Amino acid sequence: MTGQETAPGPKHKRDLTRRKVVVAGAGAVLAAGVGGSFAAGAFAGEETTAARGKTAGTSGEACYRLTSETTEGPYYIDADKLRRDVTEDQEGIPLTLRLKVIDSDTCKPLANAAVDIWHCNALGVYSGYEAMGSGGGGGGGGTPPSGTPTGAPTGTPTGSPPGGGGGGGGGHEEPTDDERYLRGTWRTDKKGEVVFRTVFPGWYQGRCVHIHTKVHVNGTWTDAGYEGGTTCHTGQLLFDEASVLATAEVAPYSTNTTTRTTLDEDTIYPGNGTEGGLLKLKYKKGAIAKGVVATLTMGVDPETTQDGTGDSPRTGASAPASAAAS
């Protein structure tokens with residue numbers, strides 16, 4: 001497959017014990033080999049500099065707090081493209097997303113984990129669900145805005161987003177199209193770090209600006225993708241108000257007239273800073289259009305399996321096997 005080819009919409013499974021990622025550009029995997037340093041570096045000229053975890057205390061306390069579990073939302077698509085640059089042809093402010101995944105008990109980096117990210121574009125539209133238009137899903141539901149946002153995919157939305165009042169519900173929705181922009185999966189290096197290149201997300205009614213993420217462990221990397229394993233973390237990455245207000249002055253974000261939910265108003269964000277997924281952002285003041293670097297360390301428990309509902313994990317649990325996507 002080439003980077004512009006699309007992956008079919010597979011049957012959705014929340015707990016994954018059989019999982020395969022369809023490769024975008026098979027050479028990316030073949031070049032590294034099964035046991036190679038698949039994500040050993042970032043993009044050319046970049047370094048993965050996500051914040052290091054806290055050192056262990058002397059009172060028996062956990063060395064790093066678990067990153068908050070949040071709802072997966074209705075628009076997750078398993079078997080996304082295996083890639084670090086998920087931008088495709090989407091317009092928006094360049095965003096370099098640097099994540100570090102560590103064991104919250106030991107603070108040791110989790111190497112070879114599979115990290116998924118997915119988010120809406122500058123106008124609040126999710127790939128795979130363009131028929132839903134702007135204003136739905138992605139972990140929040142909410143009331144759809146009136147009208148179609150300027151610059152959204154052609155055609156009037158034929159469906160409405162799941163309900164949930166911003167609480168993250170409605171269950172999983174099957175994809176309505178084959179688009180897969182702003183979605184991707186990549187492998188953590190020996191330092192537990194992974195870097196994605198994307199664009200700053202936009203917003204839709206009912207949710208603050210956010211990026212979804214999942215972390216899968218104990219699977220196997222092959223020349224066909226990633227198989228097996230369990231999902232030990234499902235979360236959302238969030239942006240502070242100052243940065244979002246700055247993006248709203250830049251096209252195409254400035255054309256998005258949808259009512260925006262602030263970080264404080266959001267019903268998914270637990271309000272606990274970086275532990276709750278609040279990203280650390282770096283950009284030139286007054287020139288955010290030139291690009292943003294976002295970093296976060298995620299403390300996870302690799303011994304648990306998360307079902308994407310935001311509820312308590314099931315220690316040591318595993319799910320029924322599902323057929324791998326092709």
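Source: prediction; values computed, not measured.
For L238 against C208, the heavy-atom pair with the smallest separation is CD2-SG, 3.2 Å. Contact record, R83 with R180: NH2-O, 2.7 Å, taken as the closest heavy-atom pair. A pairwise comparison of heavy atoms in L95 and A294 identifies CD1-CB, 3.9 Å as the closest pair. Minimum interatomic distance between G202 and C120 (heavy atoms only, all atoms of both residues): O-SG, 3.7 Å. Residues L278 and F239 come closest through the heavy atom pair CD1-C, 4.0 Å. Considering all non-hydrogen atoms of both residues, L110 and T188 come closest at O-OG1, 2.7 Å.
With salt bridges taken as basic N to acidic carboxylate O contacts below 4.0 Å, none links E88 and R183. Between E265 and R207 there is no salt bridge, since no side-chain N of the basic residue sits under 4.0 Å from a carboxylate O of the acidic one.
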| said: Go through it in stages, so that I can follow the logic: the residues are D307 and T309, the test is side-chain hydrogen bond (donor to acceptor under 3.5 Å, both in side chains), and I'd like the CA-CA distance, side-chain angles, deciding distance and then a yes or no. | reply: CA-CA 6 Å; D307 61 7; T309 65; 2.7 Å; yes

| request: Please test D301 against S104 for side-chain hydrogen bond (donor to acceptor under 3.5 Å, both in side chains), starting from the C-alpha separation and ending with a verdict. | output: CA-CA 6 Å; D301 182 353; S104 62; 5.8 Å; no

| request: Evaluate side-chain hydrogen bond (donor to acceptor under 3.5 Å, both in side chains) for T213 paired with D116, printing each intermediate quantity in order. | output: CA-CA 5 Å; T213 188; D116 300 328; over 6 Å; no

| task | Check the pair N121, V199 against side-chain contact (heavy atoms from CB on, under 4.5 Å), reporting the backbone distance first and the verdict last. | result | CA-CA 8 Å; N121 66 11; V199 297; 5.7 Å; no

| request: Report the C-alpha separation of R84 and R197 in whole Å, then their side-chain angles, then the decisive distance to 0.1 Å, and conclude whether the side-chain contact (heavy atoms from CB on, under 4.5 Å) test is met. | output: CA-CA 6 Å; R84 292 179 292 175; R197 180 169 290 164; over 6 Å; no

| said: What verdict does the side-chain contact (heavy atoms from CB on, under 4.5 Å) test give for I93 and I288, after you've listed the backbone C-alpha separation in whole Å, the side-chain angles of each residue and the deciding distance to 0.1 Å? | reply: CA-CA 7 Å; I93 296 169; I288 196 171; 4.1 Å; yes

| field | CA sep, side-chain torsions, deciding dist, call: Y64, T297, side-chain contact (heavy atoms from CB on, under 4.5 Å) | value | CA-CA 10 Å; Y64 204 93; T297 296; 3.4 Å; yes

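Residues passing the side chain to side chain contact (heavy atoms under 4.5 Å, CB included) test with T234 are E69, E72, K214, T231, Q306, sequence neighbours excluded.
Judged by distance alone, the side chain of T258 and the main-chain N or O of Y204 form no donor-acceptor pair under 3.5 Å. No donor-acceptor pair closer than 3.5 Å links the side chain of K282 to the backbone N or O of V292. Judged by distance alone, the side chain of Q236 and the main-chain N or O of T71 form a donor-acceptor pair under 3.5 Å. Using a distance-only test at 3.5 Å, with no hydrogens or angles considered, no donor-acceptor pair links the side chain of D189 to the main chain of V194. Between the side chain of T106 and the main chain of K108, a donor-acceptor pair closer than 3.5 Å is present. At least one donor-acceptor pair under 3.5 Å links the side chain of W221 to the backbone N or O of N112. Side-chain N or O atoms of H210 include none that pairs as donor or acceptor with a backbone N or O of L237 at under 3.5 Å.
Screening residues 248-296 for ring-ring contact (aromatic ring centres under 6.0 Å, His included) gives no qualifying pairs among residues at least two apart or on separate chains. For the side chain to side chain donor-acceptor pair (under 3.5 Å) condition, the pairs that include at least one residue of residues 238-249, sequence neighbours left out, are D240-S243, E241-R260.
Tracing side-chain contacts under 4.5 Å through hydrophobic residues (I, L, V, M, F, W, Y), one reaches L97 starting from L281; they form part of the same cluster. Residues L263 and L296 do not share a hydrophobic cluster, clusters being chains of Ile/Leu/Val/Met/Phe/Trp/Tyr side chains in contact below 4.5 Å.
For the residue pair T198 and H119, a side-chain donor N or O sits within less than 3.5 Å of a side-chain acceptor on the partner. Side-chain N/O atoms of Y76 and E173 include no donor and acceptor closer than 3.5 Å.
Remark: of the listed residues L66, I102, L99, L99 is the sole one forming a side-chain contact (heavy atoms from CB on, under 4.5 Å) with M298.
Rounding to the nearest 0.5 Å places CG of N272 at 4.5 Å from CD of E275.
Using the six-membered ring where Trp is involved, Y126 and Y75 have ring planes that are perpendicular, over 60° apart on the 30 and 60° scheme.
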